[in-house]
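Please read the structure below before turning to the comments.
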Amino acid sequence: MLDLKWIREKPEQVRAAIATLQITAPIDEILALDEQRRSLLCEVEVLRARRNKVSKEIGRLRGAPEAEPLKDEMRQVGQQIKALDQQVKDVEARLHDAMMNVPNLPHESVPVGVDESENVVLRTEGELRLFDFEPLPHWDLGPTLDIIDFERGVKMSGTRFYVLKGLGARLQRALIAWMLDLHVQQHGYTEIYPPFMVREECLWVDGKLPKFRGNVYHDAEEDFWWIGTAETPLTNLHRGEILAADVLPLSYVAYTACFRREKMSAGRDVRGIKRGHQFDKVEMFKFTTPESSYDELEKIVDNAEDVARLLGIPHRVVLMCTGDLGFVAAKKYDVEIWTPGCQEWLEVSSVSNVEAFQARRGNIRFRRERGARPEYVHTLNGSGLALPRTLIAVMENYQQPDGSIVVPEVLRPYMGGVGVIR
RNA sequence: GGAGGGAUGGCAGAGUGGACGAUUGCGGCGGUCUUGAAAACCGUUGUGGGCCGAAGGUCCCACCGGGGGUUCGAAUCCCUCUCCCUCCGCCA
């Protein structure tokens with residue numbers, strides 16, 4: 001959510017910024033509703049002030065007969081207030097609804113572009129391995145080594161499900177445990193184990209609703225929503241709180257399963273374990289002061305890159321242009337790693353500075369010092385990293401001519417000393 | 001799943017229809033005293049919105065878990081939702 005006062009005062013700037021996102025937003029409607037709301041409030045508050053006064057007067061009269069005409073009059077005023085309240089409620093509901101459909105605005109450092117073709121590759125790190133044989137994709141390696149079972153996954157749950165088996169399951173678990181330890185011990189994050197199912201409100205706060213309703217699983221019976229990312233519960237961790245400035249930045253890292261309906265990408269990436277309905281992810285999240293959020297953004301990107309570096313897998317960092325920013329980010333980087341079997345750069349992390357967009361929705365604030373008025377925090381999130389795709393990268397980059405897979409050095413302590421999957 | 005009790009300011013805890021945005025205590029902040037500190041004493045201490053304004057305002061409105069209702073008037077009465085606690089049942 002944007003600051004309504006800002007839209008009121010600088011509508012042209014807001015409109016221009018949104019245009020670069022290739023998204024439309026109901027700015028005119030918001031301006032009209034805001035105007036309407038304030039004029040209604042003026043009207044109803046005058047009536048309320050009068051009723052408060054007269055009601056006290058009636059109280060003082062202690063049931064004397066001269067109170068009766070006043071009561072009659074206040075009954076009328078009460079009706080008017082009720083009617084106006086209803087109008088205010090209507091207008092506010094429409095205003096809120098419109099505000100929830102306004103995307104975040106891009107930071108000035110974000111390149112203007114129409115779509116993903118205008119994203120900017122900022123840097124590429126690591127040497128692409130030279131193969132003296134034809135590297136296989138993971139969907140061939142996995143079944144041959146009996147560590148991925150596609151058929152039985154589909155038998156149980158349908159398309160986009162699979163089973164990891166034996167050292168395949170172990171390798172994913174090793175990656176998760178190692179990543180968590182890395183971020184906790186080397187990068188200063190606090191580990192969180194959040195709920196995987198949340199109430200609807202959490203999705204409004206983090207910006208998944210109303211825009212991405214179609215991508216979220218919902219349990220109608222209990223009204224639970226299955227998270228598509230740990231960002232959702234982590235954003236809501238401090239919802240409604242006023243934090244002390246000296247605890248900021250708060251840095252959290254969480255492992256969760258993630259669930260996505262993938263209605264938007266039906267038919268895309270159906271092969272292998274690139275895009276499933278259920279996947280694991282390690283997610284970094286920060287609550288910061290406004291002035292430090294862009295420094296923290298760079299740190300999160302670097303933390304994500306560290307995972308690729310330490311695994312010894314080439315990666316690159318891509319800066320999203322305005323047209324590919326999405327709904328909530330003010331600035332976003334993707335980290336992609338090279339997969340020689342799939343022959344593509346796979347997105348394994350998306351790192352965003354959301355500024356105060358989620359904080360306004362969730363009323364997440366901080367106080368600079370005692371007595372100071374609360375201000376909104378900035379929130380940032382970034383994968384560190386997404387699991388199945390990192391698993392793909394390990395399998396494909398570390399494959400040997402005989403089809404076996406060498407376990408990266410850093411993971412061996414987490415693999416019970418296993419050095420090669422064969 | 002059944003039965004009961006509860007939700008009030010940073011915390012604890014009063015308040016069961018009108019002078020209550022809310023007694024009091026603790027904590028915090030400022031002050032007096034003191035070489036300094038403690039104690040004691042005095043003062044102060046929430047959030048959001050509106051209006052006017054350059055800063056600001058002895059201005060107005062709302063907020064006692066959320067939503068609705070009764071009433072001239074609701075923290076207080078009624079309905080409902082959420083959450084917490086106690087007991088019973090079931091259970092990884």
Side-chain angles (χ1 to χ4, degrees), chain A residues 1-9 30-100 193-205 209 218-225 232-233 236-248 250 257 356 358-377:
Chain A
M1 190 159 60
L2 298 185
D3 186 350
L4 181 55
K5 275 189 196 132
W6 194 27
I7 297 179
R8 189 190 296 156
E9 282 157 21
I30 286 168
L31 290 170
L33 288 168
D34 174 49
E35 192 75 41
Q36 220 177 322
R37 170 177 174 271
R38 283 182 294 144
S39 111
L40 284 167
L41 277 181
C42 263
E43 210 178 325
V44 74
E45 283 182 4
V46 167
L47 290 175
R48 233 189 266 280
R50 183 163 150 65
R51 182 174 71 178
N52 287 345
K53 229 181 209 158
V54 175
S55 288
K56 275 180 188 159
E57 184 63 33
I58 292 170
R60 267 191 294 273
L61 291 171
R62 300 179 140 280
E66 51 272 44
E68 286 314 311
L70 291 176
K71 282 195 194 179
D72 286 342
E73 196 197 331
M74 284 310 102
R75 249 190 289 275
Q76 303 284 318
V77 172
Q79 293 301 315
Q80 292 176 50
I81 290 174
K82 206 169 175 178
L84 284 168
D85 270 347
Q86 190 54 50
Q87 288 183 54
V88 170
K89 239 183 77 185
D90 278 6
V91 168
E92 282 184 342
R94 279 155 60 201
L95 180 59
H96 182 256
D97 188 65
M99 287 295 286
M100 289 309 250
Y193 174 80
F196 293 6
M197 295 187 287
V198 295
R199 287 185 197 289
E200 181 176 339
E201 184 181 0
C202 294
L203 292 142
W204 285 97
V205 170
L209 290 177
H218 176 223
D219 163 44
E221 203 144 301
E222 301 289 343
D223 200 20
F224 281 130
W225 297 69
T232 303
N236 283 273
L237 200 59
H238 294 293
R239 187 177 77 211
E241 296 182 24
I242 300 175
L243 304 163
D246 58 18
V247 308
L248 301 178
L250 285 168
Q358 293 171 328
R360 275 192 210 95
R361 290 180 165 224
N363 203 23
I364 310 163
R365 295 174 292 173
F366 78 104
R367 221 191 283 278
R368 287 188 190 274
E369 55 199 61
R370 189 164 297 289
R373 89 161 352 100
E375 296 170 53
Y376 290 113
V377 298

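Because the structure is a prediction, the values reported are computed rather than measured. So that the names make sense, note that chain A is the first sequence line, chain B the second, and so on, each numbered from 1. These numbers come from the heavy atoms of this one structure, side chains and all, not from hydrogens, waters or symmetry mates.
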Minimum heavy-atom distance A/W204-A/R361, with the two atoms named
O-NH1, 2.6 Å

Separation between the C1' atoms of B/A92 and B/U76, rounded to whole Å
45 Å

Contact summary for A/I242 and A/P374, nearest pair of heavy atoms:
CD1-CG, 3.9 Å

Between A/F224 (CZ) and B/U82 (P), how many Å, whole number?
11 Å

Take the protein atom CG of A/L47 and the nucleotide atom C1' of B/G73, then report the distance between them rounded to whole Å.
16 Å

Can you check whether A/R48 has a side-chain N or O nearer than 4.0 Å to OP1 or OP2 of B/G50?
no

A/R8 near the nucleic acid: base, sugar-phosphate alone, or nothing, with a heavy-atom cut-off under 4.0 Å?
sugar-phosphate

Whole Å only: how far is the CZ atom of A/R373 from the P atom of B/G48?
6 Å

In whole Å, what is the span from the CE atom of A/M99 to the C1' atom of B/G49?
15 Å

Smallest heavy-atom separation, A/G362 atom then A/R239 atom, equals O-CG, 3.2 Å

5' priority, RNA chain B, between A/V46 and A/R60 [closest heavy atom]
A/R60

Using the P atom in both, what is the distance from B/G73 to B/A62, to the nearest Å?
12 Å

Looking only at non-hydrogen atoms, find the nearest pair between A/E201 and A/N236 and report the distance.
O-OD1, 4.4 Å

B/G36 and B/G53: how far apart are their P atoms, nearest whole angstrom?
50 Å

In whole angstroms, the gap separating P of B/C61 from CZ of A/R37 amounts to 16 Å

A/R199 CZ to B/G65 C1', in whole Å, measures 13 Å

Do A/D97 and A/M100 have side chains that approach each other closer than 4.5 Å (heavy atoms only, starting at C-beta)?
no

May I have the distance from A/E375 (atom CD) to B/G48 (atom C1'), rounded to whole angstrom?
16 Å

Between B/C26 and B/U45, how far apart are the two C1' atoms, rounded to whole Å?
13 Å

B/G67 P sits how many Å from A/D85 CG, rounded?
13 Å

Taking atom C1' in both B/C33 and B/G43, what distance in whole Å separates the two?
15 Å

What nucleic acid atoms does A/K89 come within less than 4.0 Å of, heavy atoms only: base, sugar-phosphate, or nothing?
sugar-phosphate

